[in-house]
> 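The structure's right below; bear with me while I get my questions together.
The figures here come from the full heavy-atom set of this structure, side chains too, leaving out hydrogens, waters and symmetry mates. In each ligand, atom 1 is the first atom listed, and ligand 1 is the first ligand listed.
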Amino acid sequence: LAPAEMAEMKPDLVAGIVTEQGSRTSHTAIIARSLGIPAVLAVPGVVARVQDGSMVAIDGDSGEVHIDPDDATRRAIEAHSKEVAKRKMELRAIAGTGPSATADGHRVELAANIGSVLELQAAVEEGAEGVGLLRTELLYFNRPTPPTVDEQAEVLTEMAEIMGGGRIIVRTFDYGADKPVPFVQLGHEENPALGIRGIRLARSHPEIVLDQLRAIATAATGGGRFGAMAPMVASVEEAEWFVAQLKEAGAIGVEAGVMVEVPSAILIADRLAERLDFLSIGTNDLTQYLHAADRQHGGLSDMQDPFSPTLFRAVDQICRGAADKAWVGVCGEAASYPAWALLAVGLGVTELSMGAQSLLEV
Ligand code: PEP
Ligand code: MG
């Protein structure tokens, strides 16, 4: 099930999703979560076991899947489902009571990952203090031609109005790997996750990224608070190129940042931070690349565990490198686990961005 197909699913028609491939951090799962559709990925052999007319009960939190559950299991699942709904209602009471901080008053910004205006509205209701990751590629999945500057500026301006004074970090197009590239012809790639994606694609088509940055500049002039962020940055040279584009686009007062999601960026975090306002750790890709394990591969989903010591050492090293130079956030799915979020804050992370449905729990 491709991310673009998932994005078309109607939450009122689709009660849940189970797939054999993928992992918690594949884009199909991320989009399902944002639509509020329970999903369990990487369940080997499930397709052969489900017949037409089977009842399937799934728990998107625990990853449990029951095929034709007996009465006792069904009752237990229904009771649990009610508890979850009750907990959500209770959490609702703290939405918007921020600014968010730890119990001892240490400020941590809680922001949302979004891919549409609708998701932003939902995020604001959940108390999002800003947007830590706008996945712009999700706005234009099905277009044959790139959006114009005006079109993009209009969407960003609308978002700034919805967000009030909160900052919106706009990630430039991150097509490639599992997100097909809609308006650029790329040759066949044997390993698209290691291929021309993210900022690599931007550098081969600078006019597309420049238009994105011009749109941000326009929306910022209108009073919105914005950051611009490049995906898949692996070198100082790429970061410098991005900063130069931002300047060329005339963006004033827009914070410049890059995602840290390629292992090489961990090792040069200090040098990146000297040139930027912020670094945002993309734990989804960072985990897959650190472990050399495809996040789409159902058989390797265990290797996407955000609690891996490898990942915490990476966060630690990034925070130490960036200290006193740039602020560090996290926008990968790891930020949505309360225990993980707590450890990341201890290591020096000051902004956590996640799917809106996790904000209140964190
Ligand atoms: C990431 O890689 O952690 C990330 C936030 O970006 P995406 O999931 O869109 O690749
Ligand atoms: Mg990524």
> Of all the heavy atoms in R171, does at least one lie under 4.0 Å from an atom in ligand 1?
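R171 counts as a contact of ligand 1 under the 4.0 Å cut-off.
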
> Need the atom name: nearest N/O/S atom of E261 to the Mg ion (ligand 2).
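Minimum-distance N/O/S atom of E261 relative to the Mg ion (ligand 2) is OE1.
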
> Could you tell me whether some N/O pair between E137 and ligand 1 is separated by less than 3.5 angstrom?
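No, no N or O pair falls under 3.5 Å.
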
> Will you find, in the side chains of S62 and E64, an N or O donor that is under 3.5 Å from an N or O acceptor?
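Yes, because at least one side-chain N or O of S62 sits under 3.5 Å from a partner of the opposite role on E64.
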
> Which of the numbered atoms in ligand 1 are below 4.0 angstrom from a heavy atom of L133?
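Checking each atom against L133, I get 5 (C).
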
> With atoms numbered from 1 as shown, which atoms in ligand 1 lie under 4.0 angstrom from a non-hydrogen atom of G332?
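Answer for ligand 1: 3 (O), 5 (C).
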
> Any idea which atoms of ligand 1 are less than 4.0 Å away from a heavy-atom of R295?
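Within the 4.0 Å cut-off of R295, ligand 1 contributes 2 (O), 7 (P), 8 (O), 10 (O).
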
> Is the F173 to F183 ring centre distance short of 6.0 Å?
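Yes, close enough.
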
> Is it the case that ligand 1 has an N or O less than 3.5 angstrom from some N or O of G282?
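Among all N and O atoms of G282, at least one is under 3.5 Å from an N or O of ligand 1.
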
> How many angstroms lie between atom OG of S353 and atom CG of L133, to the nearest 0.5 angstrom?
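So the gap between those two atoms works out to 6.0 Å.
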
> Please check whether E261 reaches ligand 1 - meaning an N/O of the residue sits under 3.5 Å from an N/O of the ligand, judged on distance alone.
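Yes; the residue has a nitrogen or oxygen that sits under 3.5 Å from a nitrogen or oxygen of the ligand.
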
> Might you confirm whether atom CZ of R200 has over 12 heavy atoms from other residues, nucleotides or ligands at distances under 6.0 Å?
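Count over threshold, so yes.
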
> In terms of the angle between their ring planes, are Y175 and F141 parallel, tilted or perpendicular, with boundaries placed at 30° and 60°?
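Ring orientation, 0 to 90° scale: tilted.
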
> Show me which atoms of ligand 1 lie under 4.0 Å from any heavy atom of R135.
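Those of ligand 1 that fall under 4.0 Å from R135 are 4 (C), 5 (C), 6 (O), 7 (P), 8 (O), 9 (O).
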
> To the nearest 0.1 Å, how far is atom 7 (P) of ligand 1 from its closest protein heavy atom, and which atom is that?
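Checking every protein heavy atom, the shortest distance to atom 7 (P) of ligand 1 gives H27 NE2, 3.2 Å.
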
> Among protein heavy atoms, which lies nearest atom 5 (C) of ligand 1, and at what distance?
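That would be C331 O, 3.3 Å.
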
> Would you find more than 12 non-hydrogen atoms of other residues, nucleotides or ligands less than 6.0 Å from D52 atom CG?
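Result for CG/D52: open.
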
> Show the atoms of ligand 1 that are less than 4.0 angstrom away from any heavy atom in D285.
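Those qualifying, in numeric order: 1 (C), 2 (O), 3 (O), 10 (O).
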
> Distance under 4.0 Å to a non-hydrogen atom of K179: what atoms of ligand 1 satisfy this?
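Selected atoms, number and element: 9 (O).
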
> Out of D285, T283, N284, which one pairs with I281 under the side chain to side chain contact (heavy atoms under 4.5 Å, CB included) rule?
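Answer after filtering D285, T283, N284: T283.
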
> What N/O/S atom of D285 gets nearest to the Mg ion (ligand 2)?
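Relative to the Mg ion (ligand 2), the closest nitrogen, oxygen or sulfur of D285 carries the name OD2.
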
> At a 4.0 Å cut-off, with the gap strictly under it, does some heavy atom of M354 reach an atom of ligand 1?
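Judged by the 4.0 Å heavy-atom criterion, M354 does not count as contacting ligand 1.
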
> Is it the case that atom CD in E237 sees more than 12 heavy atoms from other parts of the structure closer than 6.0 Å?
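Not more than 12 within 6.0 Å, no.
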
> Relative to atom 4 (C) of ligand 1, which among R197, M259, M232 owns the nearest non-hydrogen atom?
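Nearest option to atom 4 (C) of ligand 1, by heavy atoms: M259.
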
> W327 and side-chain hydrogen bond (donor to acceptor under 3.5 Å, both in side chains): which single residue from E351, E109, E255 fits?
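Answer to the side-chain hydrogen bond (donor to acceptor under 3.5 Å, both in side chains) test with W327 among E351, E109, E255: E255.
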
> Where does Q288 meet ligand 1, judged by heavy-atom distances below 4.0 Å: at the side chain, the backbone, both, or neither?
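None of Q288 does.
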
> Taking L272 as the starting point, is it possible to reach I318 by hopping between hydrophobic residues whose side chains are less than 4.5 Å apart?
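I318 clusters together with L272.
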
> Might you confirm whether atom CZ of R313 has over 12 heavy atoms from other residues, nucleotides or ligands at distances under 6.0 Å?
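No, because the 6.0 Å sphere around CZ of R313 holds 12 heavy atoms or fewer from other groups.
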
